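Some notes on the structure that comes next.
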Amino acid sequence: MPWTNLFVERKEPPFDQDEGKDLRKISFAEAIREALDQALERDKRVFVMGQGVDAPGGLWGTTLDLHKKHGAKRVFDVPLSENALTGVAIGAALVGMRPVFVHNRPDFILLSMDQIVNHAAKWSYMFGGKVKVPMVIRSVICRGWGSAAQHSQALHSLFMHIPGLRLVMPSTAYDAKGLLISSIVDENPVIFLEHRWLFKHTGYVPTGLYSIPFGKGAVRKEGNDVTIIGISHMAVEAIRAAAELQKEGIDAEVIDLRTLKPLDTGIILESLKKTGRLIIADVGWKTGGVGAEISAIAAECGFADLKAPILRIGCLDTPTPSSYVLEEEFYPGVDDIVQAARQLLKK
Amino acid sequence: MPWTNLFVERKEPPFDQDEGKDLRKISFAEAIREALDQALERDKRVFVMGQGVDAPGGLWGTTLDLHKKHGAKRVFDVPLSENALTGVAIGAALVGMRPVFVHNRPDFILLSMDQIVNHAAKWSYMFGGKVKVPMVIRSVICRGWGSAAQHSQALHSLFMHIPGLRLVMPSTAYDAKGLLISSIVDENPVIFLEHRWLFKHTGYVPTGLYSIPFGKGAVRKEGNDVTIIGISHMAVEAIRAAAELQKEGIDAEVIDLRTLKPLDTGIILESLKKTGRLIIADVGWKTGGVGAEISAIAAECGFADLKAPILRIGCLDTPTPSSYVLEEEFYPGVDDIVQAARQLLKK
Amino acid sequence: MPKTGIPGKKLIELYKSMLKIRKVELRIEELYSQDEMKTPVHLCIGQEATSAGVCACLKKEDYVFTNHRGHGHYLAKGGDLKAFISELYCKEAGCSRGRGGSMHLIDERVGLLGASAIVGGSIPIAVGAALGSVFQKKKSVSAVFFGDAAAEQGVLYESLNYAALKKLPVIFVCENNFYSVFSNLKSRQVKDNIYLRAKVFSMPAHRVDGTNVMDVYSTCAKAVKYARSGKGPVFMECRVYRWRKHVGPGSDIELGYRSEKELDSWLKKCPVNTFKERLLKTKLLNAKKIHSIDKELDSEISEAFEYAQKCALPDKKEALKYLFHEKDDYALD
Amino acid sequence: MPKTGIPGKKLIELYKSMLKIRKVELRIEELYSQDEMKTPVHLCIGQEATSAGVCACLKKEDYVFTNHRGHGHYLAKGGDLKAFISELYCKEAGCSRGRGGSMHLIDERVGLLGASAIVGGSIPIAVGAALGSVFQKKKSVSAVFFGDAAAEQGVLYESLNYAALKKLPVIFVCENNFYSVFSNLKSRQVKDNIYLRAKVFSMPAHRVDGTNVMDVYSTCAKAVKYARSGKGPVFMECRVYRWRKHVGPGSDIELGYRSEKELDSWLKKCPVNTFKERLLKTKLLNAKKIHSIDKELDSEISEAFEYAQKCALPDKKEALKYLFHEKDDYALD
Ligand SMILES: Cc1ncc(C[n+]2csc(CCOP(=O)(O)OP(=O)(O)O)c2C)c(N)n1
Ligand SMILES: Cc1ncc(C[n+]2csc(CCOP(=O)(O)OP(=O)(O)O)c2C)c(N)n1
Ligand SMILES: [Mg+2]
Ligand SMILES: [Mg+2]
């Protein structure tokens, strides 16, 4: 079994601070590539498929030249048949392979909802656990250069609702590598989403293989006044917002959930015990989004600790506009978080 | 314009109690059929398409013999090409028609997520409102005879998240007819979902054409101790639960939201002012479902009124099992609501 | 009577395979009204030859994927009878542990890797299993059964292109019974030429009389050889007919969506009886042998039903089980 | 030089249409580096003849649907130039009011009803517009442009079947430029025979030299006549080549995914220049006329860019506008 000796990281990851002997600073995109590279190396069952994975540029560098190193049979381009190819990945997984299917936009995944929701997510349960579907669907999500309504969605909240899926959304290079390894090692279908604006972010990442357990959030900054949960790139924005707020004397705690399915409810409720106030900042639409689920968990299980309304921050409830002036309005950012915190603390 | 003289019903609908001269008791399924029939009659732009709409039985009676009355060109069967046919409906709507596309299970709609989410929901906004897509996607949802994982989903919560869609889920015959008319008259894409267990329910329904405004919930029973919001068939279960609870001295208020997009936040917050307690009972999975959105709205906008944790009731977070013993466990019902209310009121 | 080129032993095997399917379906039909099989059954009575003919060409290591009308495919591939009937009775001992029902049969030990009730849904999955087989240098072939309506789903064309492009060992088996529920093929597809739509993707594509088990077998045997040798996929359109209702037991001829005459013409081509008569004529079967096969199958079936009726229902407390796999414990690994 | 059978006036019109597209694209390319057109542009330089040839066969009442590479289609159908350029500049005066950008052009007043950036996405919508046209007895034909990669999407086959089944007036125009971003057709489709995959759905299907505007025009003129008369859809595979990067200005030949030789062979077949030379030879054009056409177009284009650069950006406060239509105010009604 290729993965029996895999080192499982159980402590909080170092976040832009630690430096050790097996660590170096690399970008989020490089971390993704390294995870794929090492997984391909370690486990012959792994393969990487997707439009442009073997193309010049290698999808923002995340698959760069992997086809040269591991062969064009294991890292390959695919036709524009998103629905069928998702089924192909499922079938390969069913007979013992470990496909990683890469999409450069989640918008295209909507073509494969039938295979993901009706098939991948259900095949284990529907057959009483007799078989399993260990596969990873990676996608780059959100913003870019006036990409407009059909090339910049987040859509993670759709997957939040579907039993049988894992949902992973790292925000640091360290997590990107460790969680991608965990996703490949996992025995179940995993949706792994990477915000495009994270690719150039750098962080300290171990050179070797390591996995990060699912369902463990990370406290990015401790604080006592308000808990800010940031999803994906909003975890970065939340850290920035917390720094702003500190100047005003507001001591925010910042939590990065890292995986949304499974969800670390413990870390949320623990934090609430201290702060009594909760803001959830998401990279997708607000209505019906994962922020609602987190809020509902807090209102059910952490009610006694709540001192103030729970606030959610997300994209405007419209398709993404192309014009940059409207984009500014559409996407949430540091300011929205800062304002929400001020509102909660009546400053 | 065929709809200019349409009577808009603005008062609360009579619920299993009123009887007037233009009212008679018909089933939910007959109410749907009547709405289609009268819309086809009134507006030559309307047509009804879908697998089996012209078949014996007429989809639980909801389309029975409409093709005979209005012609096979206006009420017609379609191939099993859910994705393309959704696009076909969009295109017809774009040039001025008013298609009603019927699915006998929402599971199949997953094949058309690209057309619904990337196209129907976005076409107006993405083109600056230059054109519009007035179409209705009707689907029968949920339970039936060991139908298992791929033939019994609810999936409304996926649509909750998508800007640009209306989401309508009536629970009475009266609402079914009035809201279906409103959906056909509306200028935008509407997802209209009918729980299969409602089809035989009867209620008083006016014989003429009438529409019910979107975004107006209905108080089904007034009460002071706890607010129970029931989605679709769970509105019926909530009324039953409230009757149970009354015996125990718990005075529940029951709200049927009727449309989820737009959502009547006013009626929820008003009720909370009185009761301070909230239970949301849904026909779909709990995690990431519409119950979370409603809870989040309450925790944001009604926080000051909350006296207790907000509880959500929904299906187990698994694919639907086929075995009836597991189905019992899977589906929520009256008992779950009663217990939740007892828990909130510590009885 | 022309020589078939098929050994006598194989012919008897084909006969038994078809007969078993027929008998099991009839028994289900007989007992269905007792309301103990609380799952929608799509009987394949009249279509047995495709299951038997195709699966007789496959090895245990080959994969089969099926659809809502999958009883025959399951049995012909060697799926466990008791586990199947128990599944219909919603029992824990069911092949899918009572989670799947009639539309979701599996027997991973004989390569039957599942059934989708989404029309066309299992087609790309079968292609993926073939891709896995190539990766693993296993020489396993992957066969997938689907109905004529699946030819209306875009995913079929995407799958045909991909399987052909990568020369994957897939046998596409379309059981064209001319109906999707109440709708005739003519009202859904512009032309009755499904196999030609596969041929245009550069693969051998055949139209076969699906009521003639020898035709199905011979065509498929060649197809399997072709696919297994790495030449790529093959498509078979088998023309068959569904004798019963779309779902549930009994006839639906009274509904009027198809004519009695049409049904009768197909009843005459009963895949089981016509083949039996042929075997009688060629002396491969005789009354005695027929009797002993009947007896053997009847008692196997009775046993399975008795077993299924008696065994335990799933435990409510285990409603959440099987959603996720926790560790690497997969048999095919 | 053989007679074309196309009137001289039409030939000039075709030339102007192509030239306008070429000039607009070149201007966009020239100014793109100023970073004021903050929207991803998919230039159609080299593919002008399909837009011009097809749209010259259509009336204003006919519909066109397009894709991410839609500038040419928009212009050829008569879409407003100022509104188009303003859209690129993200302005409120843009044809999509700054909500859509380069990939989502519309001019509903001339029947250009929108563009999807989901590959294959607008194909079924075009079929629906044709269905609407039949309902309304309007005799409008619906044309849809899409690339070779759209032939990998199942929705194309579903749409072909439905349009053919219902005999809808659809002109399917596949611009086969042999690439999807960096991927050659050969690595994505088992055979270079897209038009035959339409033919199998019982419709006339043609392979056309997409660099020859007269071929495109003649084929499409017949197709439109056929479709408009109620006989059903027609398919055209136009073989063309993209000269520039997949997205953005400039060449990408240095990336090595296609050869210089290949590009050169297509540059020689420049749809604008080869046609210009032909017109010169047949005396339909002369230096003077060419000069006046150039001048006319250049000034129209300059005016449009000046307008677009000056006009107002959308109002932030209107970010929520246009999500829903409140009342029946639709022009096509
Ligand atoms: C995508 C999808 N659409 C609709 C259905 C509903 N449905 C179940 S079986 C069936 C008939 C399918 O016909 P065919 O594929 O020819 O198989 P047959 O039943 O004739 O064996 C239909 C329409 C479905 N299961 N999946
Ligand atoms: C469904 C889908 N998958 C992937 C993409 C990403 N993408 C955008 S344009 C493009 C190339 C499409 O090639 P083709 O259809 O041949 O058109 P061309 O760009 O060559 O004009 C791709 C892959 C997309 N837009 N939609
Ligand atoms: Mg059939
Ligand atoms: Mg192309």
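Only a predicted model underlies this, so the values are computations on that prediction, with no experimental measurement involved. Chain letters run A, B, ... following the sequence lines, proteins first, then strands; residues in each count from 1.
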Close side-chain approach of B:Met97 to D:Gln136, heavy-atom, < 4.5 Å: yes
Options B:Glu82, B:Lys73, B:Gln115, B:Met126, ranked by heavy-atom pairs under 4.5 Å with chain D, top entry: B:Met126
Residue D:Asn161 versus chain B: region with a heavy atom under 4.5 Å: side chain
Side-chain heavy atoms of D:Leu323 within contact of B:Pro163, under 4.5 Å: yes
Partner chain B: residue of D:Ala126, D:Ser142, D:Pro124 with the largest heavy-atom pair count (under 4.5 Å): D:Pro124
Gap between atom OG of D:Ser96 and atom NZ of B:Lys130 - 0.5 Å precision: 6.5 Å
Beyond-backbone contact of D:Ile125 with B:Trp123, side-chain heavy atoms, under 4.5 angstrom: yes
Winner by heavy-atom pair count (cut-off under 4.5 Å) against chain D, out of B:Thr86, B:Leu111, B:Asp186, B:Leu85: B:Leu85
For chain D, the option from B:Ser124, B:Pro79, B:Ala89, B:Ala121 that forms the most heavy-atom pairs under 4.5 Å: B:Ser124
Euclidean distance, B:Tyr125 OH relative to D:Leu320 CG, rounded to 0.5 Å: 7.0 Å
Structural part of D:Lys321 lying under 4.5 Å from a heavy atom of chain B: backbone
Validation row: D:Phe135, B:Arg74 side chains within 4.5 angstrom (heavy atoms): yes
Pick from D:Ala130, D:Gly114, D:Gly111, D:Gly100 with the largest number of heavy-atom pairs that fall under 4.5 Å of chain B: D:Gly114
Minimal non-hydrogen separation, D:Leu131 against B:Phe47, with atom names: CD2-CZ, 4.1 Å
Shortest non-hydrogen separation from B:Ala84 to D:Glu158 and the atoms involved: N-OE1, 2.9 Å
Option that, when pairs with chain B are counted at under 4.5 Å, heavy atom only, ranks first among D:Pro314, D:Ala117, D:Ser116: D:Ser116
Set of residues satisfying ring pair (Phe, Tyr, Trp, His ring centres under 6.0 Å) with respect to B:Phe214, sequence neighbours excluded: none
Minimum-distance pair of heavy atoms, taken over all atoms of B:Leu165 and D:Phe324: O-CZ, 3.7 Å
Most chain B-contacting option - heavy-atom pairs closer than 4.5 Å, from D:Gly132, D:Gly121, D:Ser159, D:Ser140: D:Gly121
B:Lys69, NZ atom: more than 12 neighbouring heavy atoms under 6.0 Å: yes
Heavy-atom neighbours of D:Lys38 NZ exceed 12 at 6.0 Å: yes
For D:Lys138 against B:Val95, the heavy-atom pair lying closest together: NZ-O, 4.3 Å
Exercise: identify the closest heavy-atom pair between B:Leu94 and D:Leu113: CD1-O, 4.3 Å
Part of D:Leu165 within contact of chain B (heavy atom distance under 4.5 Å): side chain
Toward chain D, the part of B:Asn83 with a non-hydrogen atom under 4.5 Å: both
Part of D:Phe65 within contact of chain B (heavy atom distance under 4.5 Å): side chain
Nearest non-hydrogen partners of D:Tyr322 and B:Gly128, listed with the distance: CD2-O, 3.4 Å
Pairwise distance CD(D:Glu108) to NZ(B:Lys132) - rounded to 0.5 angstrom: 12.0 Å
